[in-house]
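First listed ligand is number 1; within each ligand, the first listed atom is number 1. All figures in this text were calculated on a predicted structure; none of them were measured in a lab.
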Amino acid sequence: MNEFALINQFFKSIPQRRDDVILGIGDDAACLRLPSQKDLVISCDTLVADIHFVADWDAYNIAYKAVMANVSDIAAMGGTPRWLTLALTLPCVDKVWLERFAKGLGDAMAPFNLALIGGDTTKGPLSMTIGIHGTVPQNQAIRRSGAKPGDFIFVSGPLGAAAQAVAFLDKKDVDVNHKNSLMDALLYPKPRIDLNHYLLQYASSAIDISDGLAADLNHILKASHVGACLLWDSIPIHPLLKQYQGKKAVEFAIKGGDDYELCLTVPAAQKPHFIKALQEKGLSCFPIGMIEQQQGLRARLNNGDMITINPSGYSHF
Ligand code: ADP
Ligand code: MG
């Protein structure tokens, strides 16, 4: 099977229903009709076998997760995801693998009505780069640099499930139901596109916390030239973490990563409106602390003690 047959069979066949794709897969470049009054937001992620995923994982899961990680970056900007590109490097043409990969890709794209508009296919050690393009209303992309002292810090959901799943990967003596529910969090992350309207309306800054809350909140702090104090016991963690991590549960959850929730800041005056607007739609975010003038990341424990948080997260080099 040559490269072009492969592209046609596995990628061109993924259904797409966007009328803003003038030209998709098959020409020298894709051509898109841009909506007026919008800015383009673009991100890409490279996944390398045995660094970002285990090469013998079901290819469905590799593709699914790769798309969700990209969607999460657009969510953090307050954007709406629209178009994907895929640069795929394969050691060989394995049709069963490609079928699973394409199925995972299609299933992940469908809920966001994403279109795969092009890419590149090459031979080499297994790796992939997915590029995502989305839109935000003009001048409204949510940045990391907008946090101000006095803003409340929110996180969009409980943390730590994916990291606990990773910790369980090669453990055999774990409750199967627990392991399965944690693996679901690792394999099927749900990027928070559902919050984009509220981010645009209320957030002064936002970031997706795929590298862990501590490390990613620290990016907001650095970009905004501010510090933060968290209320340690208000940080939402997955209910199974207490059982498996004991006293270390919160620390484990904020350093873990792979959660694909969002961390955002909201000016104090907007906080009640933000919470009410979410409630009206059956959504919620968890207030976990405040932005302060004093640089650095710290937390107040229930007994009043202060601790300094070392914001280390995943770093490639
Ligand atoms: P070129 O030689 O002009 O770079 P290619 O032969 O690489 O074009 O690709 C042919 C078409 O298939 C292009 O439209 C390209 O965007 C698309 N394509 C190639 N690989 C992929 C892929 N893995 N997924 C989606 N589209 C792809
Ligand atoms: Mg090419």
- Query: What are the atoms of ligand 1, with element, lying closer than 4.0 Å to any heavy atom of Asp28?
  - Reply: 3 (O)
- Message: Could you report the tightest heavy-atom contact between Ala277 and Tyr198, atom names first, then the distance?
- Response: O-CE2, 3.8 Å
- Message: Please list, in number order, the atoms of ligand 1 under 4.0 Å from a heavy atom of Glu3.
- Response: 6 (O), 7 (O)
- Do side-chain atoms of Asp208 reach the backbone of Tyr260 as a donor and acceptor pair under 3.5 angstrom? no
- Closest contact, heavy atoms only, Phe112 versus Pro191: CZ-CG, 3.8 Å
- Query: Looking at ligand 1, does any of its N/O atoms fall within less than 3.5 Å of an N/O of Gly26?
  - Reply: yes
- Closest to atom 13 (C) of ligand 1 by heavy-atom distance, out of Ile25, Ile14, Asp27, is Asp27
- Query: Just which atoms of ligand 1 are under 4.0 Å from any heavy atom in Thr121?
  - Reply: 19 (C), 20 (N), 21 (C), 22 (C), 23 (N)
- Item | Over-ring placement of Lys103 relative to Tyr60, 6.0 Å and 45° cut-offs | no
- Are Lys190 and Glu261 close enough for a salt bridge, meaning some N to O gap below 4.0 Å? no
- Query: Is Phe4 near ligand 1, meaning one of its heavy atoms is under 4.0 Å from it?
  - Reply: yes
- Heavy-atom gap Lys12 to ligand 1 smaller than 4.0 Å: no
- Message: Below 3.5 Å, N or O to N or O, backbone or side chain included: is there any such pair between Ile117 and ligand 1?
- Response: no
- Is Lys276 paired with Glu280 through a side-chain N to carboxylate O contact shorter than 4.0 Å? yes
- Message: Please work out, at 4.0 Å between heavy atoms, whether the side chain, the backbone, both, or neither of Asp120 comes within that distance of ligand 1.
- Response: both
- Query: Does a side-chain N-to-carboxylate-O contact under 4.0 Å join Asp233 and Arg300?
  - Reply: no
